[in-house]
**Q** 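Could you have a look at this structure, given as structure tokens, before my questions?
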Amino acid sequence: QVQLVESGGGSVQAGGSLRLSCSASGLSDSNYYMGWFRQAPGKEREGVATMYSGIYSTGGITDYADSVKGRFTISQDYAKNTLYLQMNTLKPEDTAMYYCAAQFASYMPPLRRLLSMAYKYWGQGTQVTVSS
């Protein structure tokens, strides 16, 4: 059974940084994609960053939304089964509930990787609020 638990959200001023963590279980010894998504009030859930992880993966396949490229970095600590999202130079428009997601797959076409519909497993979310 896959379980995802996010942590690390909070309130920060514009220009600040936060690091989100997603503790995962039930994914080891498999090929899968994991990612971060966010949803602001009144808006649809959108993909922020994703990465491929597998039994032969070195973690080099990542995808980012254009709005966060150069500011956010996705990474994974395989020993701790934890996914991270380092968020720098935060902007008020980054304010949202951030979700961790996972999907078993050996390959996912690039155009699907940032689509929430491509992921079956979800965490409960962690709130990020950026004030101006």
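Remember, predicted model here, so these are calculated numbers, not experimental data.
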**Q** Please name the pair of heavy atoms, one in L85 and one in A49, separated by the smallest distance, quoted to 0.1 Å.
**A**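 Reported closest heavy-atom pair: CD1-CB, 4.1 Å.
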
**Q** Nearest 0.5 Å please: distance from the OG atom of S116 over to the CD atom of E44.
**A**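 S116 OG to E44 CD: 8.0 Å, rounded to 0.5 Å.
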
**Q** Any idea which heavy atoms bring Y52 and Y78 closest together, and the distance?
**A**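 So the minimum-distance heavy-atom pair works out to O-OH, 4.2 Å.
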
**Q** Taking the six-membered ring where the residue is Trp, are the ring centres of F37 and W122 under 6.0 Å apart?
**A**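 Aromatic pair counts; centres sit under 6.0 Å.
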
**Q** With clusters defined by side-chain heavy atoms of hydrophobic residues (ILVMFWY) lying less than 4.5 Å apart, directly or transitively, does L115 cluster with Y64?
**A**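 No; L115 is not reachable from Y64 via cluster members.
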
**Q** Looking at side-chain heavy atoms only, is the closest gap between S17 and Q86 below 4.5 Å?
**A**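 A side-chain contact under 4.5 Å exists here.
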
**Q** Show your working on side chain to side chain contact (heavy atoms under 4.5 Å, CB included) between L83 and I74 and close with a plain yes or no.
**A** CA-CA 7 Å; L83 184 75; I74 189 171; 3.9 Å; yes

**Q** To the nearest 0.5 angstrom, please state how far the OG atom of S25 sits from the CD atom of Q1.
**A**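 Reported to 0.5 Å precision, the distance equals 7.5 Å.
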
**Q** Hydrophobic clustering (ILVMFWY, side-chain heavy atoms < 4.5 Å, transitive) - are Y107 and I61 grouped together?
**A**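 I61 clusters together with Y107.
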
**Q** Is the side chain of T126 donor-acceptor paired with the backbone N or O of G9 at a distance under 3.5 Å, no angle test?
**A**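 Between the backbone of G9 and the side chain of T126 there is a qualifying donor-acceptor contact (under 3.5 Å).
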
**Q** For the pair M51 and R113, evaluate side chain to side chain contact (heavy atoms under 4.5 Å, CB included) and give the outcome as yes or no after the intermediate values.
**A** CA-CA 8 Å; M51 73 182 300; R113 293 173 193 166; over 6 Å; no

**Q** Taking C-beta and beyond as the side chain, do R71 and K91 meet within less than 4.5 Å on heavy atoms?
**A**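 Of all side-chain heavy-atom pairs linking K91 with R71, at least one is under 4.5 Å.
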
**Q** Do you know the tightest heavy-atom contact between V48 and V68?
**A**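 Result for this residue pair: O-CG2, 3.5 Å.
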
**Q** Which heavy atom of P92 sits nearest to which heavy atom of S131, and what is that distance?
**A**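 The pair with the smallest heavy-atom distance is CG-C, 4.5 Å.
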
**Q** Do Y84 and M34 belong together in a cluster built from hydrophobic side chains that touch within less than 4.5 Å?
**A**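 In one cluster with Y84: M34, no.
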
**Q** Just so I know, are the side chains of M87 and V12 near enough to count as touching, which here means a heavy-atom distance under 4.5 Å?
**A**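 No. Closest side-chain heavy atoms not under 4.5 Å.
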
**Q** Applying the 4.5 Å side-chain criterion to the ILVMFWY set and letting contacts propagate, would Y121 and W36 be lumped into a single cluster?
**A**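 Same cluster: Y121 reaches W36 through Ile, Leu, Val, Met, Phe, Trp or Tyr contacts under 4.5 Å.
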
**Q** Is the ring pair F104/Y32 parallel, tilted or perpendicular, if the boundaries are 30 and 60 degrees?
**A**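 The arrangement is perpendicular - the two ring planes meet at more than 60°.
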
**Q** Is there a side-chain contact between T50 and L114 in this structure, where contact means two heavy atoms from C-beta onward sitting under 4.5 Å apart?
**A**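 Touching, per the 4.5 Å side-chain cut-off.
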
**Q** Would you indicate whether the side-chain heavy atoms of T73 and T62 approach each other to under 4.5 Å?
**A**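 Sidechains of T73 and T62: no contact.
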
**Q** Between S53 and Q76, is any side-chain donor less than 3.5 angstrom from a side-chain acceptor?
**A**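 Yes.
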
**Q** Flag the pair R38 / M97 as yes when at least one side-chain heavy-atom distance between them is below 4.5 Å, and no otherwise.
**A**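 No. Closest side-chain heavy atoms not under 4.5 Å.
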
**Q** Which pair of non-hydrogen atoms, one from Q13 and one from V130, has the smallest distance, and what is that distance?
**A**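 That closest heavy-atom pairing would be C-CG1, 4.0 Å.
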
**Q** Does a donor on one side chain and an acceptor on the other come within less than 3.5 Å for T82 and D77?
**A**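 There is no such pair (donor and acceptor under 3.5 Å, judged by atom type) between the side chains of T82 and D77.
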
**Q** Would you check, one step at a time, whether the test side chain to side chain contact (heavy atoms under 4.5 Å, CB included) holds for Y119 with R112?
**A** CA-CA 9 Å; Y119 294 79; R112 285 184 61 82; over 6 Å; no

**Q** Is a donor on one side and an acceptor on the other found under 3.5 Å between the side chain of E6 and the backbone of Q124?
**A**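 A pair under 3.5 Å: yes.
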
**Q** Shortest non-hydrogen contact from D94 to T89?
**A**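 Scanning both residues, the minimum pair turns out to be OD2-O, 4.4 Å.
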
**Q** Against the six-membered ring of Y99, is R45 placed for a cation-pi contact (under 6.0 Å from the centre, within 45° of the normal)?
**A**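 Cation-pi check for R45 and Y99: passes.
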
**Q** Between Q103 and M108, is the side chain to side chain contact (heavy atoms under 4.5 Å, CB included) condition met? List the steps.
**A** CA-CA 9 Å; Q103 176 62 40; M108 189 182 296; 4.1 Å; yes

